[in-house]
Amino acid sequence: MLDPKRIRNNPDVIRESLIKRNESTENLDRFLELDEKRRGILTELEKLKNLRNSESEEIARLKKEGKDAGVKIEEMREVSDKIKSMEADLGEVEGELNLVLMSIPNVPHSSVPVGKSDEDNVEVRRWADPTKFNFEPKAHWDIGENLGILDFATASKVTGSRFVFLRGLGARLEMALINFMLTLHTTKHGYVEVFPPFMVHRHSMEGTGQLPKFEEDAFKVAGTDYFLIPTAEVPVTNMYREQILDKSDLPIYHVAYSACFRSEAGSAGRDTRGLIRQHQFNKVEMVKIVEPETSYDELEKMVNDAEDVLQTLGIPYRVVAISTADLGFTAAKKYDLEIWMPSYGRYVEISSCSNCEDFQARRADMKYRPGQGEKARYVHTLNGSGVAVGRTTAAILENYQQPDGSVLIPEALRPFMGGIDRITKGNAMGRR
RNA sequence: GGAGAGAUGGCUGAGUGGUCGAAGGCGCGCGACUGGAAAUCGCGUGUACCCUCAAAAAAGGGUACCGAGGGUUCAAAUCCCUCUCUCUCCGCCA
């Protein structure tokens, strides 16, 4: 959420930012209209309340002195009726105003490339060359199904499409990746691990910006007001909602494993094969709560932390600066990490690292006190995948596949796999 | 799931219809005292929004906020209803 005063005082800045994002300026205009209406009602309403307060005092005084207050009480009855009806009007205006305000995206940082589509994202750097094969490489779903470690058919029988059973060393590989990533971030990069709830209530979803605008993307738990989390960013960032932190608490670095649940509404027909786009997937997420002055440095460091995962695993990737057209709703700036996927013949997103500045902090009311007696300020929040686990599994299967259909395990992962260095048809079920 | 108790400011803890943004204490800040400190004393110490004035800040005025939402009343921390959360006991359960 943007600062309403900022919108009111600099509507042109906001308008420009919406145009850069290729978004409609309808909500902005509606905001300006409602904002003015609200203040009009409020001014008048507060005058009436002031009258009621002072006259109530007068009534109390008269009664104490044993005098008759009947006339004033009668007057105030009318005033109170007026107040009640104006409050109803105000409530209506504020309800819509809030909805409109919550639907305006963050303002892109000046360094964000301006673009018309995701084509305009700018490659920042590459690490390693795309994997070369001296045989015809297979897609990970074929490799996995041949080895018996990926089982999409059973998942669609038990649940539905876009789910998977991992079996044997496939399951082991997924768990090993989770543990590897958590270990790397906690021991090398200074993050504190948390294991969050996988469901949150509506306010938390609003706090991090998934609601109210994107309700159709989320899974709601029937009979409750809970949502399955689309990312651990939601519970972990909201840990600090409605709170004033101490300056000495900052920066906060958290890393969390969670399953993530996404309805993938609007993605019908895309990435229907394999692990790339599932309704449920595993992710290791990094979250930072920092002082505003440091947030852009912290973003660069966070990207490096995610890159370290891929470098240590030896997966070719590139870093992309996301353009205004492709920037997420809450982000002021975002980098994607994209891994090389032989089956796609291109780079595929495996991590997004965003600086949300105070956009989420404002929604979730997360502040810190810069010093004794100083006014509390909004913190800046960052989040980044460190990294998506299912896609990493897919990337390992594809980039480490061998001509005989077996898959090598990256060296750094072997300690987390009980020393196993290769998945073959013979050992794939993990029996000894 | 059943029974009970509770939710008040940074913390603690009073307050059962009007003089309550809210006693007292603690903490914190400023000042006095002191060579310096402790102790003591004095003063101060929430947030959001609106208006005035302004480039902005500050200042002044106002409104709201005692878990959340609604109701009664001229007037609600206080009375009524609904909900949420916490604690205790019982039941169930990985």
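Below, chains carry the letters A, B, ... as their sequence lines are ordered, and counting in each starts from 1.
- In this model, a donor atom of one side chain and an acceptor atom of the other lie less than 3.5 Å apart for A:Y335 and A:E300.
- Between B:A58 and B:C43, the two P atoms lie 27 Å apart (nearest whole Å).
- In a base pair of the Watson-Crick type (N1 to N3 plus N6-O4 or O6-N4) or a G-U wobble (N1-O2 and O6-N3), with each distance short of 3.5 Å, B:G60 is matched with B:C51.
- Between the CZ atom of A:R52 and the C1' atom of B:A75 there is a distance of 7 Å, rounded to whole Å.
- As rounded to the nearest Å, B:C20 and B:A64 have P atoms that lie 16 Å from one another.
- Ion pairing between A:E215 and A:K220 fails under the 4.0 Å rule for side-chain N and carboxylate O.
- The separation of B:C41 from B:G24, taken at their P atoms, amounts to 14 Å, rounded to a whole angstrom.
- Put simply, CD on A:E87 is 14 Å from C1' on B:C49, counting in whole angstrom units.
- Both distances falling under 3.5 Å, in either a Watson-Crick or a G-U wobble arrangement, place B:C89 opposite B:G2.
- In a base pair of the Watson-Crick type (N1 to N3 plus N6-O4 or O6-N4) or a G-U wobble (N1-O2 and O6-N3), with each distance short of 3.5 Å, B:G42 is matched with B:C30.
- In this entry the distance linking CG of A:L42 with P of B:C65 reads 13 Å, nearest Å.
- Using N1 to N3 plus N6-O4 or O6-N4 for Watson-Crick, or N1-O2 and O6-N3 for G-U wobble, each under 3.5 Å, B:G36 pairs with nothing.
- A donor-acceptor contact under 3.5 angstrom links the side chains of A:R241 and A:N238, judged on distance only.
- Here the side chain of A:K63 is nearest to one of B:C85, B:C74, B:A64, namely B:C74.
- Between the side chain of A:E46 and the base of B:G62, at least one donor-acceptor pair of N or O atoms lies under 3.5 Å.
- The CZ atom of A:R202 sits 16 Å away from the C1' atom of B:G69 (whole-angstrom rounding).
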* To do: In sequence, state the C-alpha distance, the side-chain angles, and the governing distance for A:H279 and A:F163, and then conclude on ring-ring contact (aromatic ring centres under 6.0 Å, His included).
  => CA-CA 6 Å; A:H279 286 311; A:F163 288 90; 5.5 Å; yes

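- Side-chain polar atoms of A:N282 and A:E174 form a donor-acceptor pair below 3.5 angstrom.
- Rounded to an integer number of Å, the gap from A:E242 CD to B:A68 P is 11 Å.
- Summarising the base pairing, B:G9 is matched to no nucleotide, lacking a Watson-Crick or G-U wobble pair whose two defining distances lie under 3.5 Å.
- Place A:K5 and A:A376 on RNA chain B by their nearest nucleotides, and A:A376 ends up nearer the 5' end.
- Nucleotides B:U88 and B:U82 are separated by 24 Å at their C1' atoms, to the nearest Å.
- When rounded to the nearest whole Å, the span between NE2 of A:H203 and P of B:C83 equals 16 Å.
- B:A75: no Watson-Crick or G-U partner with both key distances under 3.5 Å is found in any strand.
- Below 30°, between 30° and 60°, or above 60°: for A:Y191 and A:Y253 the angle between ring planes is between 30° and 60°, a tilted geometry.
- Rounded to a whole angstrom, the distance from the P atom of B:C11 to that of B:G27 is 16 Å.
- Under the Watson-Crick and G-U wobble criteria, each requiring two contacts below 3.5 Å, nucleotide B:G69 is paired to B:C81.
- Taking atom C1' in both B:C85 and B:G67, one finds a spacing of 8 Å when rounded to whole Å.
- For A:K49, no side-chain nitrogen or oxygen approaches OP1 or OP2 of B:C74 to under 4.0 Å.
- In summary, A:E264 and A:R270 do not engage in a salt bridge, as defined by a charged side-chain N under 4.0 Å from a carboxylate O.
- Positionally, the nearest nucleotide of RNA chain B for A:K64 lies more toward the 5' end than for the other of A:K367 and A:K64.
- One interatomic measurement links the two molecules: NZ of A:K47 to C1' of B:U63, which rounds to 13 Å at whole-angstrom precision.
- In this entry the distance linking CG of A:D365 with C1' of B:C65 reads 13 Å, nearest Å.
- Between B:U8 and B:G62, the two P atoms lie 29 Å apart (nearest whole Å).
- Pair assignment for B:C20: none, as no Watson-Crick or G-U wobble contacts are both less than 3.5 Å.
- Comparing atom distances between the A:S56 side chain and each of B:C85, B:G18, B:A48 picks out B:G18 as nearest.
- Listed nucleotides: B:C50, B:C85, B:C74. Nearest to the side chain of A:S80: B:C74.
- If you check B:C49, B:C74, B:G62 against the side chain of A:N50, the one that comes closest is B:G62.
- Checked by atom type, the side-chain pair A:S352/A:D336 shows a donor-acceptor distance below 3.5 Å.
- Residues satisfying the salt bridge (Lys or Arg N to Asp or Glu O under 4.0 Å) test with A:D29, not counting sequence neighbours, are A:R15.
- No engagement by A:R61 is indicated, since no non-hydrogen atom pair under 4.0 Å with the nucleic acid exists.
- As rounded to the nearest Å, B:C83 and B:C26 have C1' atoms that lie 34 Å from one another.
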Hey, what are the protein-to-nucleotides 51-59 of chain B N/O distances that come in under 3.5 Å?
from  : atom 1 : to    : atom 2 : distance (Å)
B:C51 : OP1    : A:R39 : NE     : 3.3

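- Contact annotation: A:N53 reaches the phosphate of B:U63 (side-chain N/O to OP1 or OP2, under 4.0 Å).
- If you check the side chains of A:H380 and A:Y368, you find no donor sitting under 3.5 Å from an acceptor.
- Among B:U19, B:U63, B:C74, the nucleotide with an atom closest to any side-chain atom of A:I59 is B:C74.
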